[in-house]
Trainee: 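Starting off with a structure, shown below.
Residue numbers run from 1 in the order of the sequence given.
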Amino acid sequence: MTMKLEQFWSLQGPFIDKNGDGVIDGVSLFIHFPGNKMPSGMLDFCARLGLETTALSFDWFEWSGQKTTMEFIESAGSTYAEFEGDRLRCFYENEAALSELLSELAQMGRSHYAPPAESPTRHIRSLAELWSFSGFGAMDEATPHHALSLNIDMDEAVASPDLFRELCFFAARCGLYSTALDLPLTGNPNARIALAVVSGDASRLRLPADNRLELSGSPQGTARALQGLNRSHHWSSGGEFGYWEEETQLADKEEAEGWFETEWHGRSERKRMHDILEGLSLTGGDRLEIFLSEPLSIRRKLE
């Protein structure tokens, strides 16, 4: 049955609700990618996938029985998409047209992003803030608005299908930590944060300036480095990323000002129980059952 393309971005598409609470918490999608093509619009599409869910798995480019399949079909003279049953089919004339189609799909059903007035913005001032308490990037103050303003640039000297797939996962994870997308994620010089992947002698991630990330290395080395980065977790979430700044950040953390303080005085349950027992007259055959909310270790001492 043919469905509207907008329905793809719902539970009728690749999204799943694992625990039945009405909240999307997974993506079950197989992206059957065409050969060695690397359309930049795929980064926008994957960022939208991350935006729509609360959890991710990085298995989209390998078949493992996923709920929905995304197919790409060369078509002379026309570029369009159709969503039918469990398949999203993208017909394309050339790679540039396919890229544009994927960007359009990424924005489908969402209004153009406009940043709220005087809203706090994300920043990356140290590598430890790439994955942080706030997800992607850091925030100077709490806010419900987490717009993704990111530009990704991949040097042709390091371009490879493996690296491109990892960039897709990177875009998805950044989208996961966002509430809005400032698209496109490529060719956007006005983006607040930029990631450049360039050729280099050794794999290295550095921050040459605030909000400017640079990953350098060989085609294989950058792909492996980004693969590890995509799957790493911040130390505040039980991972190891940014652990080198954990002690400093905790030391600099200011204790919140107390709003209300009081002291409670009263007898413990154990003291109250003894007082009650002393006032009872029990004979040898009587049985008494006592219920306490004290910890098990204390209750056993009273047996």
Trainee: Charged N to carboxylate O below 4.0 Å: is that the case for Glu214 and Arg206?
Mentor: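 A salt bridge links Glu214 with Arg206.
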Trainee: Any sub-3.5 Å donor-acceptor pair from Asn211's side-chain atoms to Ile124's backbone N or O?
Mentor: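 Judged by distance alone, yes, a pair lies under 3.5 Å.
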Trainee: Any salt bridge linking Arg110 with Glu52? Criterion: basic side-chain nitrogen under 4.0 Å from a carboxylate oxygen.
Mentor: yes
Trainee: Donor-acceptor pair, distance only, cut-off 3.5 Å: does the side chain of Gln227 make one with the backbone of Ala225?
Mentor: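 A pair under 3.5 Å: no.
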Trainee: What is the minimum heavy-atom distance between Cys90 and Leu105, and which atoms define it?
Mentor: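 Shortest heavy-atom separation between Cys90 and Leu105 comes out as SG-CD1, 4.1 Å.
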Trainee: Under the 3.5 angstrom rule, does the side chain of Ser218 hit a backbone N or O of Gly221 as a donor-acceptor pair?
Mentor: yes
Trainee: Where the side chain of Lys67 meets the backbone of Leu11, is there a donor-acceptor pair that is under 3.5 Å apart?
Mentor: yes
Trainee: Backbone N or O of Leu98 within a donor-acceptor pair of the Asn94 side chain at under 3.5 Å?
Mentor: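 Here the side-chain-to-backbone pair does not exist.
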Trainee: Would a 4.5 Å heavy-atom cut-off, applied to side chains only, mark Leu205 and Leu130 as touching?
Mentor: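 A side-chain contact exists here, since the closest heavy-atom pair is under 4.5 Å.
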Trainee: Which atom pairs, donor and acceptor, lie under 3.5 Å between side-chain atoms of residues 189-200 and protein residues at least two apart or in another chain?
Mentor:
| residue | atom | partner | partner atom | Å |
| --- | --- | --- | --- | --- |
| Arg192 | NE | Thr121 | OG1 | 3.2 |
| Arg192 | NE | Arg122 | O | 2.5 |
| Arg192 | NH2 | Thr121 | OG1 | 3.3 |

Trainee: Keeping the roles fixed (side chain from Thr53, backbone from Val27), state whether a donor-acceptor pair exists under 3.5 Å.
Mentor: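 Here the side-chain-to-backbone pair does not exist.
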Trainee: Determine yes or no for a side-chain-to-main-chain donor-acceptor pair under 3.5 angstrom, with Asp25 supplying the side chain and Thr54 the backbone.
Mentor: no
Trainee: Mark yes or no for whether Gln7, through its side chain, and Lys4, through its backbone, hold a donor-acceptor pair below 3.5 Å.
Mentor: yes
Trainee: Are the side chains of Gln66 and Leu29 in contact, using a 4.5 Å heavy-atom criterion?
Mentor: no
Trainee: Report whether Ile73 and Tyr80 are members of the same hydrophobic cluster (ILVMFWY, side-chain heavy atoms less than 4.5 Å apart, transitive linking).
Mentor: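 Yes.
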Trainee: Please check if the distance between the ring centroids of Phe169 and Phe61 is under 6.0 Å.
Mentor: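 They qualify: ring centres under 6.0 Å apart.
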Trainee: Between Phe33 and Trp63, is the ring centre distance below 6.0 Å?
Mentor: no
Trainee: How close do Leu183 and Ala106 get, counting heavy atoms only, and between which atoms?
Mentor: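 Scanning both residues, the minimum pair turns out to be CD1-CB, 4.0 Å.
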Trainee: For Met108 versus Arg48, what's the shortest heavy-atom pair and its separation?
Mentor: O-NH1, 2.8 Å
Trainee: How close do Cys46 and Trp60 get, heavy atom to heavy atom, and via which atoms?
Mentor: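 The pair with the smallest heavy-atom distance is SG-CZ3, 3.9 Å.
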Trainee: Whether the Asp44 and Ser103 side chains hold a donor-acceptor pair (N or O, under 3.5 Å, no angle test) is what I'd like checked.
Mentor: yes
Trainee: Are the charged groups of Arg165 and Glu62 less than 4.0 angstrom apart, N to O?
Mentor: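 Answer for the salt bridge query: no.
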Trainee: Any idea which heavy atoms bring Ser216 and Thr222 closest together, and the distance?
Mentor: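 Reported closest heavy-atom pair: C-CG2, 3.6 Å.
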Trainee: So, does Thr69 use its side chain to make a donor-acceptor pair with the main chain of Phe30 at under 3.5 Å?
Mentor: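 Pair absent, no side-chain N/O of Thr69 close to backbone of Phe30.
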Trainee: Has Ser99 got a side-chain atom pairing as donor or acceptor with Glu95's backbone, closer than 3.5 angstrom?
Mentor: no
Trainee: Which atom names give the shortest non-hydrogen contact between Pro14 and Leu49, and what distance separates them?
Mentor: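 Scanning both residues completely, I find the closest heavy atoms to be CG-CD2, 4.3 Å.
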Trainee: Could you go through Glu166 and Asn230, starting from their C-alpha distance and side-chain angles, then the distance that decides it, and tell me whether this counts as side chain to side chain donor-acceptor pair (under 3.5 Å)?
Mentor: CA-CA 8 Å; Glu166 290 303 327; Asn230 285 337; 2.9 Å; yes
Trainee: Decide side-chain contact (heavy atoms from CB on, under 4.5 Å) for Asp17 and Ile24; before the verdict, give the C-alpha distance in whole Å, the side-chain angles of both, and the deciding distance to 0.1 Å.
Mentor: CA-CA 5 Å; Asp17 176 9; Ile24 293 174; 5.9 Å; no
Trainee: Are Phe45 and Trp9 close enough that their ring centres sit under 6.0 Å apart?
Mentor: yes
Trainee: Ser57 and Asp59: side chain to side chain donor-acceptor pair (under 3.5 Å), yes or no, with the steps?
Mentor: CA-CA 6 Å; Ser57 58; Asp59 60 353; 3.2 Å; yes
Trainee: Arg125: what forms a salt bridge (charged side-chain N to carboxylate O under 4.0 Å, His left out) with it, not counting sequence neighbours?
Mentor: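 Scan of Arg125 (salt bridge (charged side-chain N to carboxylate O under 4.0 Å, His left out), adjacent residues dropped) gives Asp140.
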